[in-house]
Amino acid sequence: MEHLINKSTANTILGFIRNSQHIAIVPHVNPDGDAIGSCQALWRILKNAGKDATVVIPNEFPDFLQWIDGSNEAINFSGNTKTAKKTISEADLLFVLDFNNFERSENMAKTLAKYKGKSVMIDHHPMPVAPCDVIISHTEISSTCELLFRVMHDIGFDTYIDKNAAEAIFTGMMTDTGNFSYNASSPNTYRIIAALLEKGIDKDQVHANVYHTFSSNRWRLIGHSLKEKMVIMPEHKTGYISLSKKELEQFDHQPGDTEGLVNYPLMVKDIVFCVLFIEKDDFVKVSLRSKGTFSVNDFARAHCNGGGHDNAAGGKINLPLEEAIQYFESLLPAYKEQLYTSIE
Ligand code: 5GP
Ligand code: MN
């Protein structure tokens with residue numbers, strides 16, 4: 001595989017690692033499989049290289065990722081703020097993984113802004129703005145885990161990628177591509193999977209750990225969402241699902257339970273744009289997905305105080321749930337042409 005980063009960048013990163021005593025690794029808020037996978041993989045790789053590393057996560061993360069090696073040692077910033085702040089401020093090297101703007105770490109953003117040591121960002125979201133010394137930003141690569149593998153390869157750290165690190169990397173590659181169903185057409189993705197298999201990963205077990213460990217309530221919440229709450233608007237090629245706090249409580253909602261739910265309306269024929277509205281205490285969290293050229297990153301930046309990728313984005317609407325939905329519906333007519341030409 002050709003090199004992703006040049007020799008000088010590789011040497012800079014190597015120098016940072018060599019000269020560091022304490023390394024902190026951070027993902028975005030509400031971390032997903034790619035965020036936790038990349039952080040824990042790098043944590044294990046750095047430990048194998050004899051370095052002291054700590055993962056600091058802005059808030060709690062789903063059960064279906066808690067099997068990942070070392071994730072039980074990660075510090076939760078919201079639950080253990082004092083230790084988390086100390087870890088970040090005492091680090092002399094910071095890895096920013098799977099996000100590119102400190103605001104995306106929410107409650108942790110101020111602590112990151114105050115951090116004075118060296119920093120490296122490895123990310124695949126558009127428009128990076130975080131003030132890091134090294135920025136490795138590749139939107140064409142489908143997961144941060146895949147990027148991390150390439151960077152570790154380019155700095156000569158292959159030997160430190162053991163089975164556990166390889167399984168964490170595979171997790172992010174799998175979850176950020178919907179189990180290799182989208183953004184997964186690059187031959188390099190499969191070259192990397194081949195290398196991970198050679199590291200001894202149990203691919204089927206990783207899949208089962210993530211996708212076959214639902215609680216019965218999670219399935220019932222999905223059933224309820226599809227039967228009672230999915231709205232399809234064929235005239236706008238759009239669909240959405242909304243869930244109130246009350247409904248979430250009714251199904252004993254746990255972090256990660258609504259992961260993937262946003263995608264269902266997109267499986268309806270001719271639907272190219274879909275949204276999941278989740279009622280929070282004082283705003284509505286929105287997840288947006290699209291097929292084709294319609295950019296949900298642009299839509300989320302314009303209307304939802306958010307962003308993401310062209311076909312997967314998120315954000316917030318500061319309105320009560322019903323008003324947020326009305327607001328969303330009122331925006332659609334202006335997008336008719338873009339929605340109708342998203343897939344020719
Ligand atoms: P999800 O809908 O799964 O929460 O997020 C989908 C994508 O949008 C992810 O790539 C995520 O990083 C991004 N995203 C989610 N929420 C936000 C947000 O509030 N702001 C920004 N800038 N990106 C978001
Ligand atoms: Mn990602």
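What you see below is based on every heavy atom in this structure, not just the backbone, and it leaves out hydrogens, waters and symmetry mates. Note that ligands are numbered from 1 as they come in the structure, with each ligand's atoms numbered from 1 the same way.
- Using modelled atom types, one finds a donor on one side chain and an acceptor on the other under 3.5 Å when comparing Asn188 with Arg191.
- Cation-pi contact between Lys285 and Phe277: absent, since separation from the ring centre below 6.0 Å together with deviation from the ring axis within 45° is not met.
- Note: an N/O pair closer than 3.5 Å links Gly314 and ligand 1 by distance alone.
- Counting heavy atoms under 4.0 Å from ligand 1, residue Met127 does not touch it at all.
- Here the heavy atom of the protein found nearest to atom 9 (C) of ligand 1 is His125 NE2, 3.9 Å.
- Of all N/O/S atoms in Asp98, OD1 sits nearest the Mn ion (ligand 2).
- The side-chain contact (heavy atoms from CB on, under 4.5 Å) with His138 is formed by just one residue from the set Thr144, Leu4, Ile122; it is Leu4.
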Practice task
Show your reasoning for whether side chain to side chain contact (heavy atoms under 4.5 Å, CB included) applies to Arg218 and Glu259.
Solution key: CA-CA 10 Å; Arg218 183 173 174 189; Glu259 185 98 15; 3.9 Å; yes
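- Under the 6.0 Å cut-off for aromatic ring centres, Phe180 and Phe170 qualify, their centroids lying closer than that.
- With a heavy-atom cut-off of 4.0 Å, His28 does not touch ligand 1 at all.
- Annotation: Arg104 places an N or O atom under 3.5 Å from an N or O atom of ligand 1; distance criterion only.
- Of all the N, O or S atoms in Asp176, the one closest to the Mn ion (ligand 2) is OD2.
- Proximity of the aromatic rings of Phe273 and His236 is defined here by a centroid distance below 6.0 angstrom, and this criterion is not met.
- Ring centers of Phe299 and Tyr335: under 6.0 Å apart, within the cut-off.
- Put simply, Asp34 gets within reach of the Mn ion (ligand 2), with an N, O or S atom under 2.8 Å from it.
- Two rings, from Phe64 and Phe214, have their centers 6.0 Å or more apart.
- A distance-only check finds no donor-acceptor pair linking the side chain of Lys280 to the backbone of Ile278 [under 3.5 Å].
- Of all atoms in ligand 1, listed by their number and element, those nearer than 4.0 Å to a heavy atom of Ser287 are 1 (P), 2 (O), 4 (O).
- Side-chain contact check for Met173 versus Ile193: some heavy-atom pair is nearer than 4.5 Å.
- Every atom of ligand 1 is numbered from 1 in the order shown, and the set under 4.0 Å from a heavy atom of Lys285 is 4 (O), 15 (C), 16 (N).
- Between Tyr160 and Phe157, the two ring planes are perpendicular [angle over 60°; tilted spans 30° to 60°].
- At least one heavy atom of Arg289 lies less than 4.0 angstrom from ligand 1.
- The Mn ion (ligand 2) has no N, O or S atom of His125 inside 2.8 Å of it.
- Heavy-atom proximity to atom 24 (C) of ligand 1, evaluated over Gly307, Gly306, Ala312, Ala313, is greatest for Gly307.
- For ligand 1, the atoms closer than 4.0 angstrom to any heavy atom of His309 are 10 (O).
- Taking backbone and side chain together, Asp32 holds no N, O or S atom under 2.8 Å from the Mn ion (ligand 2).
- At the top of the distance list for atom 19 (O) of ligand 1, counting protein heavy atoms only, stands Gly315 CA, 3.5 Å.
- In terms of polar-atom proximity, Lys316 is not counted as a contact of ligand 1, lacking any N or O under 3.5 Å from an N or O of the ligand.
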